[in-house]
Amino acid sequence: MMNEHGDISRTLLAWYDRCARTMPWRGIHDPYRTWVSETMLQQTRVETVLPFYERFLDRFPTLMDLAAADESDVLKMWEGLGYYSRARNLRKGALQVAEQYGGLLPRDPAILRKISGIGPYTAGAIASIAYDVPVPAVDGNVIRVLSRLFGIRENAALPEIRKKLERLASALVPEHRPGDHNQAVMDLGATVCVPGTPDCSRCPLSAYCDAFARGDAAELPVLPRSRPQKTEYWTVMVLRAGDCTLVRRRTESLLHGLWCFPMMEGAPEDALRKLAKQAHMPCRSAGCPCSARHVFTHLIWEMTILPLETDPDQPPPGDYIWLPWQQLSSLTFPAAMNAALRAADHLFSR
Ligand code: SF4
């Protein structure tokens with residue numbers, strides 16, 4: 001088995017030398033850049049990440065620059081990339097590294113995992129890619145490749161099966177070029193051993209692959225069905241009072257720290273009634289409502305966007321503020337608010 005593992009790794013590295021995807025974070029040994037790239041790549045495609053990566057590193061070229069930054073600046077640089085908790089944790093982690101490790105990310109994966117925003121996968125990626133530590137970096141892509149390669153036909157979400165896959169991943173990592181090996185597995189999972197039907201005819205590992213031999217690669221890995229997404233119905237109110245609009249910075253865990261227009265769950269009539277009652281703010285319609293939908297991982301927001309007008313000098317309710325509408329672009333809004341921002345542009349530029 002050990003020899004076979006060695007053969008697999010050598011074959012994979014030879015394939016990587018021929019076919020590796022070119023990416024700006026490759027070919028460098030800079031743990032901060034590896035951390036930023038791996039964080040951005042979570043749940044996000046490489047093509048999407050590329051412009052954000054360049055822009056983020058122009059603004060925060062070193063870990064100490066990131067540690068010294070305001071959270072609102074970091075969120076602004078992340079605007080449009082989604083999953084904003086990644087940006088908040090990255091900044092928090094940078095502060096921790098600045099304070100506890102003199103600004104240099106540790107090389108030990110067990111210590112890396114204690115840093116905010118660094119889980120087992122990212123710790124493995126940083127240690128192997130930036131420091132040549134022979135440890136695996138196991139994510140969903142790797143689980144898929146290894147389940148097929150070694151014919152693991154049990155539920156990969158079960159802790160004992162996950163552990164088995166992690167042991168296999170560890171056994172495959174070579175002492176020499178562990179970072180390249182891990183990136184080769186990632187590339188294979190992203191370009192050849194893809195979800196659904198893999199392209200086995202192009203795969204360098206087909207001679208070793210159990211699922212290829214048995215013809216059931218498309219059924220692996222075995223994973224429990226994901227739960228259906230919950231749908232919530234919201235009314236988003238784009239409110240104009242003179243030159244100002246009403247906004248608030250979210251304190252909820254979803255989209256925490258990002259800016260939103262007033263939102264109430266339920267149909268527009270109920271939302272307007274609640275606004276008049278709770279905020280003592282009578283409003284009148286200022287345009288046609290429109291609908292928008294935003295899909296999160298486990299949740300869908302179906303939104304009705306209402307352009308409204310109220311009288312100036314109304315006190316803002318709760319944690320809302322009146323903001324001159326020209327300043328909206330200086331705040332970080334989540335993509336879920338894109339349709340409402342367009343409605344605001346329309347409302348104020350009439
Ligand atoms: Fe994946 Fe097919 Fe390669 Fe096996 S042979 S690792 S299933 S692409």
Side-chain angles (χ1 to χ4, degrees), residues 1-23 25-26 37-38 41-49 119-125 127-129 133-226:
M1 188 60 104
M2 278 312 288
N3 277 345
E4 189 178 59
H5 285 165
D7 291 345
I8 290 174
S9 183
R10 270 189 295 279
T11 307
L12 201 51
L13 279 171
W15 173 79
Y16 185 71
D17 288 338
R18 290 192 314 275
C19 305
R21 294 177 293 172
T22 307
M23 297 175 195
W25 47 83
R26 286 196 167 162
S37 63
E38 289 300 337
L41 286 165
Q42 287 161 20
Q43 322 260 9
T44 313
R45 294 162 59 84
V46 170
E47 304 74 54
T48 309
V49 164
Y121 166 79
T122 311
S128 63
I129 297 169
V133 179
V135 288
V138 181
D139 69 351
N141 261 328
V142 176
I143 293 289
R144 181 173 62 256
V145 174
L146 297 188
S147 295
R148 289 168 171 174
L149 189 57
F150 294 106
I152 306 297
R153 294 177 176 80
E154 294 143 290
N155 182 351
L158 292 173
E160 62 271 27
I161 305 303
R162 170 87 192 194
K163 285 242 166 332
K164 183 173 173 180
L165 285 158
E166 283 168 5
R167 279 197 299 275
L168 286 166
S170 289
L172 274 186
V173 180
E175 290 289 324
H176 178 56
R177 300 178 65 192
D180 285 349
H181 166 89
N182 285 337
Q183 291 180 99
V185 185
M186 291 170 203
D187 273 15
L188 192 76
T191 61
V192 178
C193 196
V194 292
T197 307
D199 190 354
C200 301
S201 63
R202 285 203 300 130
C203 181
L205 301 184
S206 55
Y208 305 97
C209 180
D210 189 87
F212 177 64
R214 295 213 198 180
D216 64 352
E219 283 138 52
L220 299 180
V222 176
L223 289 168
R225 274 177 195 281
S226 50

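Treat the numbers as computed from the prediction; the structure is a model and nothing was measured. Residues: numbered from 1 along the sequence shown. Whatever order the structure lists them in is the order used to number ligands and atoms, beginning at 1. When reading the values below, keep in mind they use all heavy atoms of this one structure, side chains included, and skip hydrogens, waters and symmetry mates.
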query = Got the closest protein heavy atom to atom 2 (Fe) of ligand 1, with its distance?
reply = Cys200 SG, 2.3 Å
ask   = In terms of atom number and element, which parts of ligand 1 are under 4.0 angstrom from non-hydrogen atoms of Arg148?
value = 7 (S)
key: Metal site atom 3 (Fe) of ligand 1: N/O/S of Cys193 inside 2.8 Å   = no
ask   = Out of curiosity, Ile129 CD1 to Asp180 CG, how far, rounded to the nearest 0.5 Å?
value = 8.5 Å
ask   = Considering only heavy atoms of Phe212, which atoms of ligand 1 have at least one such atom less than 4.0 Å away?
value = 5 (S)
remark   = To the nearest 0.5 Å, atom CE of Met186 lies from atom CG of Asp139 at 6.5 Å
request  = Measure the shortest side-chain to side-chain distance between Asp216 and Arg148 over non-hydrogen atoms and say whether it is less than 4.5 angstrom.
outcome  = no
inquiry  = Under 2.8 Å from atom 2 (Fe) of ligand 1, is there any N, O or S atom belonging to Cys209?
reply    = no
remark   = the protein heavy atom lying closest to atom 3 (Fe) of ligand 1 turns out to be Cys203 SG, 2.3 Å
remark   = In short, Pro195 meets Arg144 closest at the heavy-atom pair N-NE, 3.4 Å
message = What protein heavy atom lies closest to atom 7 (S) of ligand 1? Include the residue and the distance to one decimal.
response = Ala217 CB, 3.6 Å
ask   = Nearest heavy atom to atom 5 (S) of ligand 1: which of Gly189, Pro198, Ser147, Ser206 does it belong to?
value = Ser206
task = Check the pair Ser201 / Asp199 against side chain to side chain donor-acceptor pair (under 3.5 Å), numbers first and verdict last.
result = CA-CA 6 Å; Ser201 63; Asp199 190 354; 2.9 Å; yes
message = Is a donor from one side chain sitting under 3.5 angstrom from an acceptor on the other, for Gln42 and Thr122?
response = yes
